[in-house]
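Presented below is the structure to which this report refers.
Naming: A, B, ... by sequence-line order, numbering from 1 per chain.
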There are 2 protein chains.
Amino acid sequence: MELPISGRKDKSLSAEKTEAILAGGMQEFLAHGYAATSMDRVAIAARVSKATVYSHFQDKESLFTALIRRLVEQRFRSLFNDAEAEVLHTPPEIVLRAFANRALDMGTQEPQFLNFMRIILGESGRFPQLARTFVSNVEQTSFKMLCQYFKECPYLKLADPEATARIFVGAIVHFLIVQEMLHGKDIVPMERDRLIDTLVNLIVANHQ
Amino acid sequence: MELPISGRKDKSLSAEKTEAILAGGMQEFLAHGYAATSMDRVAIAARVSKATVYSHFQDKESLFTALIRRLVEQRFRSLFNDAEAEVLHTPPEIVLRAFANRALDMGTQEPQFLNFMRIILGESGRFPQLARTFVSNVEQTSFKMLCQYFKECPYLKLADPEATARIFVGAIVHFLIVQEMLHGKDIVPMERDRLIDTLVNLIVANHQ
DNA sequence: GTCTATAGGCGGATAGAC
DNA sequence: GTCTATCCGCCTATAGAC
């Protein structure tokens, strides 16, 4: 009756519970925010007792920061996969459009991504270290990847690749924020492709 | 001993209390967020009793939405004053740089503006109507003003003024979010003028 | 390690005096 | 209209059995 891998009924292991608590905490914190989430509901969502939660994490703040840090460093780290070598021989319009679409798909298809961003932004005043971890892992990674492409692509000779990369990412992320996060699609409508085309044209037409 | 204008000691007026409650609520909600703010502390900050708060506002949610709506519609509505006629005869580089600097100054000099943005973004899932009010009053206003300038300026002939306006605002706002709101200045340093120059050059060099 | 049960406090909201 | 005093539920965190 022993099931060494999983599905076991005895309660002797702790790593499984830790995962369950993190999963339950993720569900609750992403849905309700930090202050409005209760440890009772985290325990229920994790299917453990509240005392078990407190035996794995010192307090509510520790659970929250451990959880968000994990999301930043693992789950939402790679907005973009590493570019393959062949992209350097692909027209920049194609590469940049794919880059933009990948980022926007994250916001529209990954169901928890918008709530994750809401937490990072909304709690950036009370949890500045989490915000910095986000900048290091997500924003900086995007800037570097795009900037490296700008520098290496033989078809592009930009005056300031670093600043251009930030403009590109900024235009895309702000579009995502206004249209999806702030529910602005019906108030300031704009086709995604129209923004991307204009953005790509600005950059491709402007290499020296 | 009557002071008809202000400073009166009797408690017969209500509009003054309403203002005091809104001011106290603004202080508390902007500092701690919606869920972490208690009506006790709002009452203390407003220097009235908690019962008085509840005689002016039905519940916590009503006070919060009334307060944020007022901030959106009055205090932070005009990121930019209406353009004067002479700007059309000023070089676009100057006008666009001034526009960008005005927006970034709001984030760095108006002390409560970042907390205001944190609330709008962080609560946009639970208070979607507040987010839409923000889009209508702040984002849409910026887009329209910049777009109108793009269309009227005799030195600029842009292929898609609407999309270009959104790229411009997006690059600026995202810069503000990463550097100031998310405390990214030391992680991904970038001079403000460097971003603005690159952005302005992209647009000015690209009119058809 | 995990549970049930509970401590102790603070939350939103209201009753009733003046 | 405004106050003081209070209700009662839920909150974080822990004690103690197993």
5′-ward residue of the pair Ala35(A)/Ala51(A) relative to DNA chain D
Ala35(A)

Starting at atom NZ of Lys50(A), determine the distance to atom C1' of dA15(D), rounded to an integer number of angstrom.
13 Å

Nearest-Å distance, CD (Gln58(B)) to P (dA13(C))?
9 Å

Within the structure, does a side-chain N or O atom of Ser49(B) lie under 4.0 Å from either OP1 or OP2 of dT2(D)?
no

Whole angstrom value for the distance that separates C1' of dC3(D) from CD1 of Ile21(B)
13 Å

Round to a whole Å and report the spacing from CZ of Phe57(A) to P of dG1(C).
13 Å

Applying a 4.0 Å non-hydrogen cut-off, can you work out what Asp40(A) is touching in the nucleic acid: base, sugar-phosphate, or nothing?
base

With the side chain defined as heavy atoms from C-beta on, Lys60(A) is closest, among dC3(C), dG1(D), dA13(D), to dA13(D)

Heavy-atom side-chain contact between Leu146(A) and Thr164(A) under 4.5 Å:
no

Ion pair Glu162(A)/Arg194(B), N-O distance below 4.0 Å:
yes

Side-chain donor/acceptor contact of Lys17(B) with base of dT2(D) under 3.5 Å:
no

Taken to the nearest whole Å, CG/Asp59(B) to P/dT14(C) is 8 Å

I would like to know whether Phe127(A) and Tyr34(A) meet ring-ring contact (aromatic ring centres under 6.0 Å, His included); could you show each step before the answer?
CA-CA 10 Å; Phe127(A) 295 93; Tyr34(A) 177 74; 5.1 Å; yes

When you check the phosphate oxygens OP1 and OP2 of dT14(C), does a side-chain N or O of Tyr54(B) lie under 4.0 Å from one of them?
no

Would you call Glu139(A) and Arg132(A) a salt bridge, taking side-chain N to carboxylate O under 4.0 Å as the test?
no

Under 4.0 Å from OP1 or OP2 of dG11(C): is there any side-chain N or O of Ser38(B) that close?
yes

Identify whether any heavy atom of Thr37(B) sits under 4.0 Å from a base atom; if not, whether one sits that close to sugar-phosphate; answer base, sugar-phosphate or nothing.
sugar-phosphate

When the distance from CZ of Arg47(A) to P of dC3(C) is rounded to whole Å, what number comes out?
12 Å

Find the distance Leu63(A):CG to dA13(D):P and express it as a whole number of Å.
11 Å

Within this structure, what is the CE-to-C1' distance between Met39(B) and dT6(D), rounded to whole angstrom?
17 Å

Please report the C-alpha distance between Arg166(B) and Asp160(B) in whole Å, then the side-chain angles of each, then the deciding distance to 0.1 Å, and finally whether the salt bridge (Lys or Arg N to Asp or Glu O under 4.0 Å) criterion is met.
CA-CA 10 Å; Arg166(B) 297 186 65 140; Asp160(B) 191 335; over 6 Å; no

